[in-house]
Structures are given as C-alpha cells and as structure tokens.
Amino acid sequence: MGLSMATAEFWVERWERQQERYAIHREERFSVVADVVDHVTADRPAPLVVELGCGPGSLAARLARRVPRAEIVAVDRDPVLLELGRTHHADAARYVEAVLGDAGWAESLRLDRAPDAAVSSTALHCLPEAALSRTYREVAALLRPGGVLVNADHFTPDGAFCARVASDVGRRRLRTSPAEHGLDWDSWWAAAAQDPELAESFAERERRPPAEGGSDGVSLSRHVHLLTEAGFAHVCTVWQYGYSRVLVAAT
Ligand SMILES: C[S@@+](CC[C@H](N)C(=O)[O-])C[C@H]1O[C@@H](n2cnc3c(N)ncnc32)[C@H](O)[C@@H]1O
C-alpha cells in the first residue's frame, strides 16, 4: 500500500506539533536559518543548500518558500521520515538517504557543484562526537570557499552555572500541555508505526542498523573547537534562547 498525500500530511502535521515540544521557538529558528542563507547567497542566482538530518522536510519546506531560488538537497538516515518528506514536501528538496558520519555519505549526495550552505535543525546532536567531528570536516571540505554551516540545535553552555541557568530557562519554555502539543517523540513513533500506509517504510527502518547515542553533552566551546579544527574560520551565534542556538560557521 502506497503512502497517500493525505496520510503524509496527517503525520507531518503531527510531527510539527511533536517537535515543538522539544525545539523552543521552532518556527522562529527556521526563519533565522533562512535569513542567514538568504544573506550569504544574496549574490547567487541558484544557490545550492544541503540539509543535514532533514526528517520529513520541515526546514527544507520553509527554506524553499523563503529562498525560492535555492536548490535543496536534504539528507537523513530514516526511511520513514524521508518517505513523509518525499510525499508531503516533494517540491522542496531532493531527498537522499545517508548516514552522516559514515564513509561515503557526502558522495552519495551526488552534487554537481560545491554547496553555498549546509543547514540543520535539531539533528546534529543525534550524532556521537566522533561522527559529529567527521561531519564537520566533511561539510567544511564540501562547501564552496566562503560557504556556511547554519545549525539550529541545543548546545550545552560551558560551566555548570551557565549550563544550569540555560537549561532551566529552556525547560520553562518547553513546559507545554499535551493537549496543546499532542504526541511526544515516543508516542508519535508508536502511533505512526500502526499506520498501514507506512508499513513498508517501517519495515525498511527495521532493517537499518540502530543509531548510536548522540553528543548532547558536548559543550559549546567543544563545538567551536571541533568546527575550527574542521576548517571553519568564523563561528558565531546569531540567535539564542536558553541552550538553543542558531550557530553559524563560515569557511
Ligand atoms: C529530532 S529530528 C529533527 C528532524 C528535522 N530536522 C526537524 O527539525 O523536524 C532528528 C533527525 O536527524 C536524523 N538523524 C540522526 N542521526 C543522523 C545521521 N547520522 N545521519 C542522518 N540523519 C540523522 C534523524 O533521522 C531525524 O530525522
């Protein structure tokens, strides 16, 4: 049974509500990512943008609306989320299944030119530190000179005091009622797995090796260090709320 547009819309809509439980001011941070891409590609008629850990295409869809001249290649490891993106946000991006940090992921994108930007939203913290470090290096090597990585994610502030305050501020903002925000992560996956239209994608998902633990505890200064070592010359925060930031790294 194939995935219909209506079913894809149903699950992507619930994905959006679910993600809002974890990503503070999610819509605003998407806008900030688009602002940065628009700024750095202002003089380019057809900028190429790679999205890392795209899920069902939420950021790609916003970016395609905000910067319609951009060509977007969106990569993720999850066949269920990719299937939802390919169906619900089909025109936003070309979707590629690959595991960031694994050998050959960048080649599997089959890009015809160096990208102007790589973007990401609440995804790179899922990578263990070694894979994150490799990904930073590969992205720096992939980008055109002057290209940028724009990463909206949570970053643990340095030092116990700052980490505590930032975490508390973030948690207060995330204290949302289930009635308002629907399913959480586990219940979204459990409910989607029951949908017969997604059965094939879930069977694919089962065949994939499980993801290793992420790099949630990696401090902000460690990220900056890894980015600098990877070849990024400039790293700055352009938006912050608690421990959430949009971090921009330029080659
Ligand atoms: C919390 S979701 C966020 C998805 C999307 N960016 C959004 O904002 O809705 C994290 C995403 O990262 C993807 N991901 C995690 N580790 C990955 C890896 N090593 N390679 C590719 N994708 C990965 C997951 O499959 C998932 O789609």
Side-chain angles (χ1 to χ4, degrees), residues 8 11-34 37 49-64 72-86 88-89 92-93 95-109 118-139 142 149-155 174 181-189 192-193 198 201-202 204-216 218 239 244-247:
W11 288 113
V12 173
E13 180 49 35
R14 272 148 194 78
W15 173 267
E16 301 293 352
R17 301 289 79 75
Q18 177 253 101
Q19 281 291 295
E20 282 167 5
R21 294 173 71 120
Y22 307 102
I24 305 161
H25 299 311
R26 187 163 184 262
E27 210 55 56
E28 185 175 302
R29 64 171 87 190
F30 285 154
S31 299
V32 173
V33 173
V37 171
V49 180
V50 173
E51 185 185 351
L52 310 168
C54 62
S58 308
L59 173 58
R62 269 76 164 185
L63 199 54
I72 303 170
V73 178
V75 54
D76 202 281
R77 67 178 299 153
D78 195 296
V80 172
L81 299 177
L82 285 169
E83 178 70 359
L84 289 171
R86 285 184 181 121
H88 185 61
H89 292 307
Y95 295 89
V96 177
E97 183 179 332
V99 179
L100 300 167
D102 275 9
W105 74 267
E107 291 72 27
S108 71
L109 304 182
V119 299
S120 190
S121 145
T122 44
L124 295 183
H125 71 270
C126 300
L127 276 61
E129 185 177 327
L132 178 72
S133 171
R134 282 196 299 280
T135 302
Y136 281 163
R137 284 176 190 281
E138 285 157 330
V139 170
L142 201 62
L149 167 64
V150 193
N151 183 16
D153 209 343
H154 18 272
F155 298 90
L174 284 175
H181 281 270
L183 304 171
D184 65 11
W185 176 266
D186 288 337
S187 39
W188 185 93
W189 282 102
L198 289 171
S201 305
F202 270 95
E204 269 310 311
R205 190 172 198 263
E206 281 298 304
R207 287 192 277 275
R208 302 289 185 274
E212 293 168 51
S215 51
D216 259 326
V218 172
W239 178 93
S244 299
R245 287 171 187 254
V246 176
L247 206 64

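Bear in mind the structure is a predicted one, so any value in this text is a computation, not a measurement. Counting starts at 1 for both ligands and their atoms, following the listed order. We number each residue from 1, following the sequence as shown.
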Side chain to side chain donor-acceptor pair (under 3.5 Å) between S244 and R29, intermediate numbers included: CA-CA 9 Å; S244 299; R29 64 171 87 190; 3.2 Å; yes

Verdict with supporting geometry, D216 and H125, side chain to side chain donor-acceptor pair (under 3.5 Å): CA-CA 5 Å; D216 259 326; H125 71 270; 4.6 Å; no

Test salt bridge (Lys or Arg N to Asp or Glu O under 4.0 Å) applied to R208 and E97, step by step: CA-CA 11 Å; R208 302 289 185 274; E97 183 179 332; 2.5 Å; yes

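Here the heavy atom of the protein found nearest to atom 17 (C) of ligand 1 is R77 CD, 3.5 Å. At the top of the distance list for atom 12 (O) of ligand 1, counting protein heavy atoms only, stands A123 CB, 3.5 Å.
For C126, no nitrogen or oxygen atom sits less than 3.5 Å from a nitrogen or oxygen atom of ligand 1, counting backbone and side chain alike. For D76, a nitrogen or oxygen atom sits less than 3.5 Å from a nitrogen or oxygen atom of ligand 1, counting backbone and side chain alike. For W185, no nitrogen or oxygen atom sits less than 3.5 Å from a nitrogen or oxygen atom of ligand 1, counting backbone and side chain alike. Considering backbone and side-chain atoms together, L100 places an N or O closer than 3.5 Å to an N or O of ligand 1.
The side chain of W15, and not its backbone, has at least one atom closer than 4.0 Å to an atom of ligand 1 (non-hydrogen atoms only; side chain from C-beta on). Only the backbone of A98 comes within 4.0 Å of ligand 1, judged by heavy-atom distances. When non-hydrogen atoms are compared, ligand 1 lies under 4.0 Å from the backbone of S121 as well as from its side chain.
In this structure, Q19 CD and D184 CG are separated by 11.0 Å, a value rounded to the nearest 0.5 Å. Once rounded to the nearest 0.5 Å, the distance linking CD of E16 with OG of S58 reads 3.5 Å.
Interface atoms of ligand 1 facing V99, defined by a heavy-atom separation under 4.0 Å, are 19 (N), 20 (N). Every atom of ligand 1 with a heavy atom of R26 under 4.0 Å away is listed here by number and element: 7 (C), 8 (O), 9 (O). Each of the atoms 25 (O) of ligand 1 lies under 4.0 Å from some heavy atom of D78. Atom numbering of ligand 1 starts at 1 in the shown order; those under 4.0 Å from a heavy atom of C54 are 5 (C), 6 (N). Interface of L81 with ligand 1, defined as ligand atoms under 4.0 Å from a residue heavy atom, comprises 26 (C), 27 (O).
Proximity of Y95 to E83: side-chain heavy atoms (C-beta onward) are nowhere separated by under 4.5 Å.
The closest approach between any non-hydrogen atom of E16 and ligand 1 is not below 4.0 Å. At least one heavy atom of S58 sits closer than 4.0 Å to an atom of ligand 1. The closest approach between any non-hydrogen atom of L127 and ligand 1 is below 4.0 Å. Residue contact annotation: A211 has no non-hydrogen atom under 4.0 Å from ligand 1.
For W185 and W15, the gap between ring centers is short of 6.0 Å.
Y136 meets the ring-ring contact (aromatic ring centres under 6.0 Å, His included) test with no other residue; sequence neighbours excluded.
Contact check on R245 versus D153 returns no salt bridge, with no Lys/Arg side-chain nitrogen under 4.0 Å from an Asp/Glu carboxylate oxygen.
Annotation for V75 and A98: closest pair CG2-CB, 3.6 Å, computed over non-hydrogen atoms.
Between V12, T122, V96, it is T122 that holds the heavy atom closest to atom 10 (C) of ligand 1.
Using modelled atom types, one side-chain atom of D78 and one backbone atom of L81 make a donor-acceptor pair closer than 3.5 Å. In this structure, the side chain of D76 engages the main chain of C54 through a donor-acceptor pair within 3.5 Å.
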